[in-house]
Amino acid sequence: MPELPEVETIRRQLTAKIIGKTLEGKKIVKVRRRAKVLLVDFARGGSLAFHLKLTGQLIFNGQPSRATRKVFNFDDGSRLIFNDARKFGWVKKLKDTKFLEEKFGPEALDIKLGTFTARLARRPNAKIKPLLMDQKFIAGIGNIYSDEILFAAKVHPARRVKTLSRREVKNIFQNIKKILKKAIEHHGSSVKSYVDACGRRGDFVKYHKVYQREGEKCGRCGGVIKRIKIGGRSAHFCGQCQI
DNA sequence: TCAAATGTTTGATC
DNA sequence: GGATCAAACATTTG
């Protein structure tokens with residue numbers, strides 16, 4: 001799944017649907033997100049934690065299918081379906097979620113420019129795309145949005161951090177916020193299997209400028225969109241205007 | 001049949 | 001410690 005915008009979409013929808021319901025005798029008081037982990041908090045402590053990895057789905061009042069791994073039944077007869085075709089995802093009960101604070105870096109939507117710049121300065125030799133996807137460096141960005149952010153900032157995904165100008169750093173920073181927020185407004189990107197908590201597909205794919213658009217013409221400069229491997233993942237970028 | 005896929009972890013190597 | 005890469009997890013899709 002599901003990068004920050006997709007998990008955040010599900011978080012918001014579940015907040016509206018399941019707060020106040022009771023699950024296995026425990027009242028739900030909050031639905032939170034930390035990095036790409038979704039947390040359902042109970043009144044007397046403890047949480048249910050979900051990670052959807054690549055193909056996980058959480059559908060409120062969905063119908064079970066072959067991909068269904070778990071069904072959570074609420075006291076009022078409604079339910080939450082956890083699907084995951086590839087079985088990489090997980091759900092677990094946590095007594096304490098404090099460790100999640102240190103497990104991940106600052107939230108992408110919360111980080112300040114000064115913090116972002118200071119953290120970059122500690123990793124001068126890292127390539128920018130894998131660094132943006134490093135959850136310990138900054139939390140919430142994955143393969144789709146790192147490509148889109150770097151396209152918007154006109155920065156090549158393999159650029160070393162130490163070669164970035166202050167202006168480029170600011171540009172990347174501003175586009176992290178801008179693109180993630182816009183993607184949330186569109187309920188995320190349904191490239192393949194992702195659907196939101198209502199079982200609907202996200203709309204943001206039509207705004208992708210480079211992700212999975214190899215061979216197409218760049219909408220900004222007319223160059224050709226390329227795909228290369230960086231850190232074992234596909235990186236999509238315009239070979240002409242991303243320097 | 002082969003390649004690639006929204007994520008993360010682990011181990012090897014320089 | 002950093003950086004890079006391959007492999008692993010299990011399955012679907014083109």
Side-chain angles (χ1 to χ4, degrees), chain A residues 1-11 33-38 49-59 65-70 82-92 99-100 102-105 108 119-151 157-164 176 179-180 182-184 186-197 199-215 225-236:
Chain A
M1 150 168 160
E3 305 182 29
L4 184 152
E6 290 77 24
V7 184
E8 179 62 19
T9 296
I10 293 171
R11 186 196 72 75
R33 179 187 57 75
R34 175 69 174 120
K36 301 171 190 172
V37 178
L38 188 87
F50 294 88
H51 201 305
L52 304 178
K53 293 291 180 86
L54 279 89
T55 56
Q57 302 174 327
L58 273 175
I59 307 176
S65 68
R66 200 169 44 150
T68 298
R69 304 293 157 215
K70 193 132 185 128
F82 177 39
N83 294 332
D84 188 7
R86 279 174 79 174
K87 301 181 186 170
F88 288 173
W90 46 255
V91 52
K92 45 191 156 189
F99 74 97
L100 290 173
E102 38 202 290
K103 183 173 168 59
F104 302 112
R119 291 175 77 80
L120 284 175
R122 284 183 236 152
R123 305 288 296 276
N125 292 309
K127 290 174 180 170
I128 186 63
K129 175 182 164 76
L131 193 57
L132 289 180
M133 289 196 292
D134 180 348
Q135 304 302 300
K136 284 191 171 66
F137 180 78
I138 183 171
I141 302 169
N143 209 29
I144 296 175
Y145 296 105
S146 57
D147 278 354
E148 295 300 322
I149 288 162
L150 291 171
F151 172 81
R159 280 277 293 283
R160 303 273 172 185
V161 166
K162 63 184 173 193
T163 72
L164 297 172
I176 287 173
I179 290 183
L180 293 179
K182 190 173 173 195
I184 292 169
H186 289 274
H187 290 184
S189 301
S190 288
V191 171
K192 279 200 158 178
S193 58
Y194 167 74
V195 292
D196 66 20
R200 291 192 295 251
R201 295 170 64 80
D203 203 21
F204 195 67
V205 172
K206 64 185 180 198
Y207 298 99
H208 290 179
K209 310 288 190 198
V210 288
Y211 183 76
Q212 288 199 342
R213 294 194 180 280
E214 183 187 14
I225 305 301
K226 299 190 169 167
R227 177 165 67 100
I228 59 174
K229 288 271 182 197
I230 303 176
R233 306 297 297 278
S234 282
H236 309 76

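Keep in mind that this is a model prediction, so the values were computed, not measured. Both backbone and side-chain heavy atoms feed into the values below; hydrogens, waters and symmetry mates do not. Residue numbering restarts at 1 for every chain, and letters A, B, ... go by the order of the sequence lines.
- Side-chain atoms of A:K192 and A:T55, non-hydrogen and from C-beta on, never get closer than 4.5 Å to each other.
- Taking the nucleotide of DNA chain C with the nearest heavy atom to each of A:R160 and A:K87, the more 5' of the two is matched to A:R160.
- When the P atom is compared between B:dA4 and C:dC5, the two are found 16 Å apart, to the nearest whole Å.
- Across all strands, A:A126 comes closer than 4.0 Å only to sugar-phosphate atoms, never to a base (heavy-atom distances).
- Two residues, A:P130 and A:K192, neighbour DNA chain C, and the one matched to the more 5' nucleotide by heavy-atom proximity is A:P130.
- Residues A:S189 and A:E6 approach most closely at N-OE2, 2.7 Å, considering heavy atoms.
- For C:dA7 and B:dC2, the P atoms lie 16 Å apart once the distance is rounded to whole Å.
- Nearest nucleotide to the side chain of A:R227, out of B:dT6, C:dA3, B:dA5: B:dA5.
- Across C:dT11, C:dT4, C:dG2, the shortest atom-to-atom separation from the side chain of A:R123 is found for C:dG2.
- Nearer to the 5' terminus of DNA chain B, by closest-nucleotide assignment, is the contact made by A:R86 (compared with the other of A:R86 and A:M133).
- Residue A:K103 places its side chain closer to B:dT9 than to any other of B:dA5, B:dT9, B:dT8.
- Ring-centre distance between A:H186 and A:Y207: below the 6.0 Å cut-off.
- Rounded to an integer number of Å, the gap from A:I128 CD1 to C:dA3 C1' is 15 Å.
- Remark: C1' of C:dA3 and CD1 of A:I230 are 14 Å apart, rounded to the nearest angstrom.
- Candidate nucleotides B:dG7, C:dA3, B:dA5 were compared by shortest atom distance to the side chain of A:F88, and B:dG7 ranks first.
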